[in-house]
Each structure stands twice: as structure tokens, then as C-alpha cells.
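Below you'll find the structure, written out as C-alpha cells, and then a few comments.
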Amino acid sequence: MAQAKHARAKHARTAKTSSPRRTGAAGADASKAVRGGIAQLVTPSPELGAIVGMAPLSRAEVTTRVWAYIKAHELQAAQDRRQIHADATLHKVLGRDQVSMFEMTKLLTQHVTAARP
């Protein structure tokens, strides 16, 4: 009796229904796929466009390009690499002389608008 109960419980644990596979943006036409969050296409403001370009980009790509600008111009603090010292171009976007890398992404959202399809 105990073995039969154990066998039923084991069978119940192993018998799973197959879930349908999700098709993401790679499976569908990427231009028609709905993008949200960090993958959402945004249009940069003219101030931010001076750094990343004016073409619609994903939020992740905007952040990546700002980081490339920061590293190319050596704008990170020497002692605390989390601190960013803004030059004249970056100051127009951030509005401050110095920000942390965590504040930077929040300040960047003020300079992007949702791209029109």
C-alpha cells in the first residue's frame, strides 16, 4: 500500500504538462515586436543627442553610449569610480558637476522620449 502511494506521488511530481514555447522578438519580426522597459526605443533630447546621437535607441544603448563617452573623456573620479565628474557637454544633460553612477541613469530618463514607430 505504501509503495503504491509513493509511486502515485512520484508520478504526479514527474508528470508535467508541456507549456507552449514563447516566441520573443527574435521569433517575430523585430520591427513589429512590442518593446518595453530597457529595450524600449527612445529618442534623445538635443542635449543628450550631442553625446549619443539623435537616432532612436533603446534605453540600454543610451546608457551604454553615455558610459563610453564618460570613459573616453576620463570623467570618472580616480578614488571612487562610482562618481562621475561632468564636463560641459555632460553637465547640460545631468545638470550637476558631479553625480553617482546610480543617479546618472535616473537623470538620463529626463532627456528621452518614447520613439514613434
Minimum heavy-atom separation for G49 and P44, please, with both atom names. N-CB, 4.1 Å
Sequence neighbours left out, what passes side chain to side chain contact (heavy atoms under 4.5 Å, CB included) with S45? Give chain and number order. E47, L48, H111
Test side chain to side chain contact (heavy atoms under 4.5 Å, CB included) applied to A50 - qualifying residues, sequence neighbours left out: T89
Is there a side-chain contact between I84 and L90 in this structure, where contact means two heavy atoms from C-beta onward sitting under 4.5 Å apart? yes
Pairs where residues 50-63 contributes a residue and the test side chain to side chain donor-acceptor pair (under 3.5 Å) is met, not counting sequence neighbours: E61-R65
Contacts of A55 that satisfy side chain to side chain contact (heavy atoms under 4.5 Å, CB included) - sequence neighbours left out: none
Please list, one pair per line, the donor and acceptor atoms closer than 3.5 Å that link side chains of residues 102-109 to other protein atoms, with sequence neighbours excluded.
{"residue": "E103", "atom": "OE1", "partner": "S100", "partner atom": "N", "Å": "3.0"}
{"residue": "E103", "atom": "OE2", "partner": "R96", "partner atom": "NH1", "Å": "3.1"}
{"residue": "T105", "atom": "OG1", "partner": "F102", "partner atom": "O", "Å": "3.2"}
{"residue": "T109", "atom": "OG1", "partner": "K106", "partner atom": "O", "Å": "2.6"}

Does any donor atom in the side chain of H91 or D97 lie under 3.5 Å from an acceptor atom in the other side chain? yes
Distance in Å, D80 CG paired with M101 CE, rounded so as to fall on 0.5 Å steps: 9.0 Å
Grouping I, L, V, M, F, W and Y whenever their side-chain heavy atoms are under 4.5 Å apart, do W67 and Y69 come out in a common cluster? yes
Is M54 isolated, or which residues cluster with it under the ILVMFWY side-chain rule of less than 4.5 Å, directly or via members? none
Over all heavy atoms of both residues, which pair between Q76 and H85 is shortest? Give the atoms and the distance, please. C-CD2, 4.3 Å
Which residue, V42, I38, I51, forms the side-chain contact (heavy atoms from CB on, under 4.5 Å) with V62? V42
Check the hydrophobic clustering (I, L, V, M, F, W, Y; side-chain heavy atoms under 4.5 Å; chains of links allowed) and say if L41 and V66 are grouped together. no
